[in-house]
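Have a look at the structure below, then the notes.
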Amino acid sequence: MKIYNTLSKRKEEFVPVEPGRVKMYVCGPTVYNFIHIGNARPMIVFDTVRRYFEYKGYDVNYVSNFTDVDDKIIKKAIEEGVDADVISKRYIAECKKDMEALNIRPATKNPLATEEICGMLDMIGILIEKGYAYVAADGTVYYRVRKFKDYGKLSHKNLDDLQSGFREIKVTGEEGKEDPNDFVLWKPKKDGEPYWESPWCQGRPGWHIECSVMAKRYLGDEIDIHAGGEDLVFPHHENEIAQSEAANGVTFAKYWMHNAFLNVDNKKMSKSLGNFFTVREISEKYDLQVLRFFMLSAHYRSPLNFSAELMEASKNGLERILTGVEKLKELSAKAAAGEMTAEELENKKRAEELVAKYEAAMEDDFNTADAISAVFELVKLGNSTASVGSSADYVNGIKETLEKLCDVMGIITEKKEEMLDSEIEDMIAQRQAARKAKNFALADEIRGKLLEMGIVLEDTREGVKWKRA
């Protein structure tokens with residue numbers, strides 16, 4: 001298995017720190033609002049990476065944090081006149097709802113920044129003791145970037161050329177920096193903000209320190225994979241490396257994975273442009289399985305453009321797969337007992353080749369786009385070779401293989417049962433009564449009305465089946 005490592009800027013063979021185990025940390029959202037579709041991309045991508053490792057038999061310890069203390073959370077709390085933890089708890093719950101709807105498996109651990117303060121104080125203390133951090137006159141603690149000789153190795157930036165491009169809002173004591181590129185580990189409190197006691201001042205942590213501490217506590221000093229969106233490479237992940245490796249004295253993460261940006265209608269997503277969408281808003285138009293399928297339709301390191309046309313294409317593509325699986329399920333109930341025919345054995349070999357093609361794509365830096373192509377070929381094979389007279393072993397083999405490969409990508413192959421409202425149920429019943437009475441003109445009229453309402457009827461031997469147009 002090869003993974004593109006942002007650190008080395010090349011694909012590398014994956015060799016875990018511990019045989020058979022994968023320790024993986026993925027930066028989670030800051031919880032001050034509903035997650036947007038840009039947040040959803042790394043969640044879906046790295047959930048799929050995790051699923052594939054598990055499919056291959058690895059024991060995966062998957063940690064993804066929630067940043068629950070931050071300037072944006074505090075701002076929203078002040079606007080609503082509530083405590084900051086009211087905002088963070090509300091949107092953690094909403095985020096988990098969206099993640100469940102996206103079929104994202106729960107992390108092994110979802111640590112919260114506010115519950116890891118003691119660990120942050122300990123690590124900051126170690127960094128001060130080792131000379132990697134210093135305390136300004138007002139109690140602000142800064143990381144001394146020039147002390148860490150490898151600073152810039154992830155982002156491939158030259159420290160001398162850097163501007164101070166860090167996320168922290170300017171704080172009192174900023175003039176106490178030794179170097180413009182030094183970043184905040186601990187900041188003094190402001191009026192109305194949550195704060196904690198520390199040896200340096202009453203205050204709260206900087207953004208970067210939380211992930212270094214959480215990764216250490218729940219995964220260890222050295223982890224296999226650290227992942228997130230490419231916007232986190234600098235300064236967040238660069239600063240995590242500086243903190244962790246200075247404090248722990250070992251390599252922090254062996255492999256750094258970053259997904260590319262998501263654009264909307266070929267423009268950067270922005271509220272000012274009116275092209276900003278939350279996952280919750282998309283769920284009002286599409287089943288979120290469609291959004292998940294769309295996100296995996298391109299390689300995770302390729303920029304992805306979100307548009308109504310592409311979502312419709314993804315909806316149709318997903319429907320092809322689900323319909324193919326549904327057909328195999330129906331055939332399974334009617335399939336013949338006994339051994340596979342020679343032709344079925346040949347087709348079984350073809351199916352095994354497609355599984356190998358799928359795995360080769362996934363093991364080439366998790367190329368989900370090519371993996372999906374293999375799934376489509378498997379659906380086509382099932383559609384063209386499985387029939388009422390096929391052996392149960394053959395039909396079930398194709399069906400179970402499809403289900404397993406789809407599950408790796410988080411695609412739910414069980415079609416959701418939709419409930420029709422009473423008016424539509426009555427209309428279908430009236431049509432059936434009209435047909436029974438040989439009043440075919442009325443039956444056709446009702447069918448036409450249902451079609452206008454987006455309901456397509458299909459008369460089969462098993463009775464009337466319907467689907468939404």
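Here, residue 1 is the first one in the sequence, and each next residue gets the next number. The figures that follow rest on heavy atoms only: side chains count, while hydrogens, waters and symmetry mates do not.
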Sequence neighbours excluded, the answer for side chain to side chain contact (heavy atoms under 4.5 Å, CB included) partners of S244 is S212, N248, F252
Across all chains, not counting sequence neighbours, the side chain to side chain contact (heavy atoms under 4.5 Å, CB included) partners of K189 are Y195, Q202
Using atom types as modelled and distance alone, determine if a side-chain donor or acceptor of N110 lies under 3.5 Å from a backbone N or O of S64.
yes
- Verify, without hydrogens or angle tests, whether D224 (side chain) and M24 (backbone) share a donor-acceptor contact under 3.5 angstrom. no
Sorted by chain and number, sequence neighbours left out, side-chain hydrogen bond (donor to acceptor under 3.5 Å, both in side chains) with K109 holds for none
Those residues at least two apart in sequence (or on a different chain) that pass side-chain hydrogen bond (donor to acceptor under 3.5 Å, both in side chains) with K11 are D364
**Prompt:** Hey, mind stepping through Y91 and F34 against ring pair (Phe, Tyr, Trp, His ring centres under 6.0 Å) and telling me if it holds?
**Reply:** CA-CA 6 Å; Y91 289 111; F34 293 101; 5.5 Å; yes
Which of E363, E377, E352 passes salt bridge (charged side-chain N to carboxylate O under 4.0 Å, His left out) with K357? Answer is E377
Applying ring pair (Phe, Tyr, Trp, His ring centres under 6.0 Å) to F376 and not counting sequence neighbours gives none
For Y134, the side-chain hydrogen bond (donor to acceptor under 3.5 Å, both in side chains) test, sequence neighbours excluded, returns D182
Sequence neighbours excluded, the answer for ring pair (Phe, Tyr, Trp, His ring centres under 6.0 Å) partners of Y286 is none
| query | Taking the side chain from T6 and the backbone from W256, do they hold a donor-acceptor pair closer than 3.5 Å? | reply | yes
Side chain to side chain contact (heavy atoms under 4.5 Å, CB included) filter on E80, not counting sequence neighbours, yields K76, V82, I87, R90
A360 meets the side chain to side chain contact (heavy atoms under 4.5 Å, CB included) criterion, sequence neighbours left out, with none
side-chain hydrogen bond (donor to acceptor under 3.5 Å, both in side chains) filter on Y394, not counting sequence neighbours, yields T385
Taken in chain and number order and not counting sequence neighbours, the residues that satisfy ring pair (Phe, Tyr, Trp, His ring centres under 6.0 Å) with F53 are F14, Y58, F366
Taken in chain and number order and not counting sequence neighbours, the residues that satisfy ring pair (Phe, Tyr, Trp, His ring centres under 6.0 Å) with F66 are none
